[in-house]
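Inspection log for the structure reproduced underneath, given as structure tokens.
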2 protein chains.
Amino acid sequence: MDEFMAAAIAEAEQGLKEGGIPIGSVLVRNGQIIGRGHNQRVQRGSPILHAEIDCLANAGRIGRYDDTVLYSTLMPCYLCAGAVVQFGIKKVIAGESQTFAGAREFMEAHGVEVIDLNLERCQQLMRDFIAQYPQLWFEDIGELTPERE
Amino acid sequence: MDEFMAAAIAEAEQGLKEGGIPIGSVLVRNGQIIGRGHNQRVQRGSPILHAEIDCLANAGRIGRYDDTVLYSTLMPCYLCAGAVVQFGIKKVIAGESQTFAGAREFMEAHGVEVIDLNLERCQQLMRDFIAQYPQLWFEDIGELTPERE
């Protein structure tokens with residue numbers, strides 16, 4: 001497997017160990033990982049630290065993003081896709097989009113190249129997690145309803 | 001002035017005092033402020049803590065957003081607009097959009113009501129800041145180029 005996606009999956013697995021939502025992300029420049037992170041909703045009580053946002057936060061103030069590639073175990077949602085478009089990241093590689101279709105078309109409409117690796121391991125992490133903690137997942141994607149609260 | 005926009009401006013002014021980019025935001029539910037924040041790029045070295053994201057982080061895990069209104073002294077960029085769309089916030093009130101047009105059309109296309117108050121105080125805060133620290137501003141909106149670095 002792509003070493004960078006393997007690193008993103010390791011982040012997702014770390015998040016799962018911590019009791020969190022198993023989504024991981026790494027930011028790559030010139031063949032090197034310059035940031036990594038995973039969803040921190042549970043661990044840090046943060047609604048905004050999706051895996052990709054945590055990764056971008058951990059990468060710090062790198063200035064320009066046009067030579068970076070963002071890896072995520074799951075297709076980015078609008079929050080994370082918004083960061084991609086605003087920061088000028090040109091390429092996104094997602095582990096899967098079966099669990100969640102995300103905002104692929106929005107990114108592509110803004111000239112971002114999006115690749116979906118459609119990996120069983122990424123799907124399995126989410127499938128198992130959502131079966132166990134559906135309300136956490138709906139909270140994370142902003143789809144909590146009175147019936148789900 | 002609208003008390004909530006006044007609170008967002010107070011956040012922007014607090015950010016300026018801290019040496020940061022003067023953009024502030026509050027989240028309102030049922031006529032009460034449930035989160036407030038300001039841009040933290042300089043203060044916390046964070047590229048992702050735009051005012052609106054800092055505000056949403058500080059509001060914590062509130063679950064549902066469909067009954068909230070997000071105020072920002074500046075029209076939200078794609079990152080912050082992405083959060084609005086993903087979380088299901090239905091109304092955004094911006095202090096101005098002269099400095100930066102932001103992602104108004106994107107939010108409106110997703111059913112968000114967007115109001116631009118076009119306030120001179122908000123414009124002045126940004127105008128003065130950008131004249132003094134243009135590179136910080138371009139970094140914040142992802143438009144740093146080799147000439148600007």
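By convention in this document, chain letters (A, B, ...) are assigned in the order of the sequence lines, proteins followed by strands, and residues within each chain are numbered from 1.
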What orientation do Y78(B) and H110(A) show, parallel under 30°, tilted 30 to 60°, or perpendicular over 60°?
perpendicular

Out of curiosity, L144(B) CG to F87(A) CZ, how far, rounded to the nearest 0.5 Å?
12.0 Å

Find the distance between CG (L56(A)) and CG (L49(B)) and round it off to the nearest 0.5 Å.
11.5 Å

Given that the side chain runs from C-beta out, which part of [X] has a heavy atom under 4.5 Å from chain B: side chain, backbone, both or neither?
| X | answer |
| --- | --- |
| F106(A) | side chain |
| A81(A) | neither |
| R44(A) | neither |

Is a donor on one side and an acceptor on the other found under 3.5 Å between the side chain of Q86(B) and the backbone of G142(A)?
no

Only one of D54(A), N58(A), I53(A), L79(A) passes side chain to side chain contact (heavy atoms under 4.5 Å, CB included) with I48(B), and that residue is I53(A)

Atom of G60(A), atom of P47(B) and distance for their closest heavy-atom approach
O-CG, 3.4 Å

Does [atom1] in [X] sit with more than 12 non-hydrogen atoms of other residues, nucleotides or ligands closer than 6.0 Å?
| X | atom1 | result |
| --- | --- | --- |
| F100(A) | CZ | yes |
| E105(B) | CD | no |
| R41(B) | CZ | yes |

Which one, A57(B), G88(B), S46(B), leads in non-hydrogen pairs under 4.5 Å with chain A?
A57(B)

Just give me the residue among E139(A), E143(A), R61(A) that pairs up with chain B most often, heavy atom to heavy atom, under 4.5 Å.
R61(A)

